[in-house]
Amino acid sequence: EYVYSALISGLYKEAKSEDAVKLWKKMDEKGFRPNTVVYSALIDGLCREGKPDEAKEMLNEMIDKGCVPNAYTYSSLMKGFFKAGVSDKAIQVWEEMQKSNCAVNEVCYSVLIHGLCEVGKLKEAMMSWSHMLSHGCKPDAVAYTSMIHGFCNAGSINEALRLFHEMICQERKSKPDIVTYNILFNALCKQNETSRAVDLLNSMLDQGCDPDVVTCNIFLRTLSERLDPPQDGREFLDELVIRLFKRQRISGACKIVEVMLGKFLPPK
RNA sequence: AUGUAAAGGGGCU
């Protein structure tokens, strides 16, 4: 099981689906009975390939054979249908999971909330958020960030910030990370609230979170598009490097220097 | 304590 699941998953991720299917057939010929993990790897692979309907058939097959789908299986399938633009079927999978005895976790909720937000169903996403809380499932950083992203895209930055402040007080697995911050930077910059974005950047540095290449791109873009006269961002990044260095954040500073070199913005 | 076969979030394109 361990080898087959790892191979199938890896082959699909490298876009070698023919090889994955060959392996699956070979496994079958050998009379090997795949378990939940192996089925889940195949279902996830089919979804990545854009074939969620085939993946759904495999779900039915595994159930017929007495194999019990779990949160991995259902979350992959939901994501697959969302990715294919068939959110109705994704929701059907969600409902099927609810009817099963499967323990729903924060990953399932993240996939659902992300998918709903992506098709503009913010209300439904918020209902899923409440559902998660009322069922005793604690949102982790990804779940929070998915909901925050949904609020930002709907223009509800204040709602997004309310969740963000909630995250700050949580335990480690629910603390905001660089992805959370980048989503907020992007939303604030796009609403011409650059100074609030810079304030948030400062508090991020205080929290011990290092900026990355996406952070740089977000700020460089606003500096060149929203500023009169436009800036190339070199000074901004130079200052960032210095501030990281002063805080002994050597690897964080190096990351920014690498970004600068990659953009032909020579650091001072 | 953490990690140890399969699933989830960010900018530009």
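Chain identifiers are assigned alphabetically (A, B, ...) following the order of the sequence lines, protein sequences preceding nucleic acid strands; residue numbering begins at 1 within each chain.
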- Gap between atoms CZ and C1', on A:R172 and B:rU2 respectively (whole Å): 10 Å

- Query: Which of these nucleotides, B:rG9, B:rA5, B:rA7, is closest to any side-chain atom of A:I183?
  - Reply: B:rG9

- Note on the structure: side-chain hydrogen bond (donor to acceptor under 3.5 Å, both in side chains) filter on A:K22, not counting sequence neighbours, yields none

- Message: Is A:K13 close enough to B:rA7 that one of its side-chain N or O atoms is under 4.0 Å from OP1 or OP2 there?
- Response: yes

- State whether the distance check finds a donor on one side and an acceptor on the other, under 3.5 Å, for side chain A:S146 versus base B:rG9. no

- Message: What is the distance, to the nearest angstrom, from the CG atom on A:D140 to the C1' atom on B:rG9?
- Response: 9 Å

- Electrostatic pair A:K255:A:D212 at N-O distance under 4.0 angstrom: no

- Item | Short side-chain N/O contact to B:rG9 OP1/OP2 from A:K79, under 4.0 Å | yes

- Message: Checking the side chain of A:D88 only, and the main-chain atoms of A:I91 only, is there a donor and an acceptor separated by less than 3.5 Å?
- Response: no

- Task: Using the P atom on both, measure B:rA7 against B:rG3 and round to a whole Å.
- Result: 15 Å

- Got a donor-acceptor pair under 3.5 Å from the side chain of A:S75 to the base of B:rA7? yes

- Item | Pairwise P distance for B:rU4 and B:rG8, with rounding to whole Å | 14 Å

- Query: Distance-only, no hydrogens or angles: does the A:K89 side chain make a donor-acceptor pair with backbone N or O of A:F81 under 3.5 Å?
  - Reply: no

- Query: Can you find an N or O donor on one side and an acceptor on the other, under 3.5 Å apart, linking the side chain of A:N70 with the base of B:rA6?
  - Reply: yes

- Task: Check the distance between B:rU13's P and A:L220's CG and give it to me in whole angstrom.
- Result: 14 Å

- A:P267 pairs by side-chain contact (heavy atoms from CB on, under 4.5 Å) with which of A:V241, A:L237, A:L261, A:I256? A:L261

- Message: Using a distance-only criterion (donor-acceptor N/O pair, under 3.5 Å, no hydrogens), is the base of B:rG8 paired with the side chain of A:S76?
- Response: no

- Grab the CH2-C1' distance between A:W129 and B:rG8 for me, whole Å please. 13 Å

- Message: Just the rounded figure in Å: distance from P of B:rG3 to NZ of A:K173.
- Response: 12 Å

- From CG of A:N105 across to C1' of B:rG9 the rounded distance in Å is 15 Å

- Establish, yes or no, whether a centroid distance under 6.0 Å links the rings of A:F82 and A:W94. no

- Task: Just call it for A:T73: base, sugar-phosphate, or nothing, with non-hydrogen atoms closer than 4.0 Å on any strand.
- Result: nothing

- What about the rings of A:Y144 and A:F164, do their centers lie closer together than 6.0 Å? no

- Task: For the side chain of A:V111, starting at C-beta, report the closest nucleotide among B:rC12, B:rG9, B:rG8.
- Result: B:rG8

- Task: Please state how far atom NZ in A:K263 lies from atom P in B:rC12, giving the value in whole angstrom units.
- Result: 12 Å

- Can you check the A:L59 CG to B:rA7 C1' distance for me, whole Å? 14 Å

Please report, to 0.1 Å, the donor-acceptor pairs under 3.5 Å made by any side chain of residues 23-34 of chain A, with sequence neighbours excluded.
none

- Query: Is any N or O donor-acceptor pair between the side chain of A:S5 and the base of B:rA6 shorter than 3.5 Å?
  - Reply: no

- Query: Which nucleotide, B:rG8, B:rG9, B:rC12, lies nearest any side-chain atom of A:K190?
  - Reply: B:rC12

- Message: Quick check on contacts: within residues 24-54 of chain A, what sits under 4.0 Å from RNA chain B by heavy-atom distance?
- Response: A:N35, A:V37, A:S40, A:A41, A:D44, A:R48

